[in-house]
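Here is the structure we will look at, set down as structure tokens.
In listed order, ligands and their atoms are each counted from 1.
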Amino acid sequence: MPALFSHCLKPSVSVKEMLSSYDHLWQPRLTAAASQDLAHLSTLLQNFQLSAEQDSRSLTFQTNQNTFSCSKLYGILNSRPTCCSNWKFVWKNKAPPRVQFFAWLLAKDRLPMRVNLKKKNITPSDVCEICKIAPETAEHLFLHCSVAKAFWDLTHANPNIPSMKALNLIQPPSCIPSEQYKCFYLLCFWRIWKHRNEVVFQNLLPCTTRLLKACKEESSTWSFRLNDSARSSTDAWRNIFTSALLPSLSAAS
Ligand SMILES: [Zn+2]
């Protein structure tokens, strides 16, 4: 209930205190979405009662002596590859950590796409801000929207996947070295997302040329993070973006 939570005056209130009286917990005026959440919450709490028993708290990654164990936590983190096919694509990748985290949310469909926001009553419309035609799902924004489609056509690197939850199905395109191709795709998705946010939050016009230029600049920045052999891959990426920019540059001249 993010809409309601954003109106909460005491985010760390206990459940007991909350149950006794929760009217004083909120901003004096709630938005329509927050009011709906509050009504929903009241319904959920109607039949809920706390027991008088002592709370019992435990960690999954604790030792038998009830102390925190780094090795158990490390084991849990490293066991993740078996539970998600995208794990390796996202985390065994030379992209900056913030971009890996973004890609993880993307693969889990946890980005604030307008379709997801509408479901939560945060926005009234789910229509894509770039093309103003289709609902903004992750697949639409990153694969099929007008700017994304032009981007993939110009770079000849269409990921050819049915869903953004299937990043692991992306194959190395012929136009770049297969080494670091996953990093290349994370860069492209990251910049498509940043381009979308420029349109939504900065009122910039959708523009494939601006997106390609940003990808080219980002390739240069990322090259400093990579070792010598991996760095040569970013030269190929820059060439792809430069070639893709040529039609728009010749049209401008
Ligand atoms: Zn669109």
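- Annotation: side chain of C128 is not in contact with side chain of R114 (no heavy-atom distance under 4.5 Å).
- Q100 places a side-chain N or O within donor-acceptor distance of the main-chain N or O of N93, the cut-off being under 3.5 Å.
- N86 places a side-chain N or O within donor-acceptor distance of the main-chain N or O of K165, the cut-off being under 3.5 Å.
- Under the 4.5 Å side-chain contact rule for hydrophobic residues, L105 and L143 share a cluster.
- Because the distance cut-off is set at 2.8 Å, H144 fails to qualify as a neighbour of the Zn ion (ligand 1), as none of its N, O or S atoms comes that close.
- H140 contributes atom NE2 as its closest N/O/S atom to the Zn ion (ligand 1).
- Annotation: angle subtended at the Zn ion (ligand 1) by C145 SG and C128 SG is 110°, to 10°.
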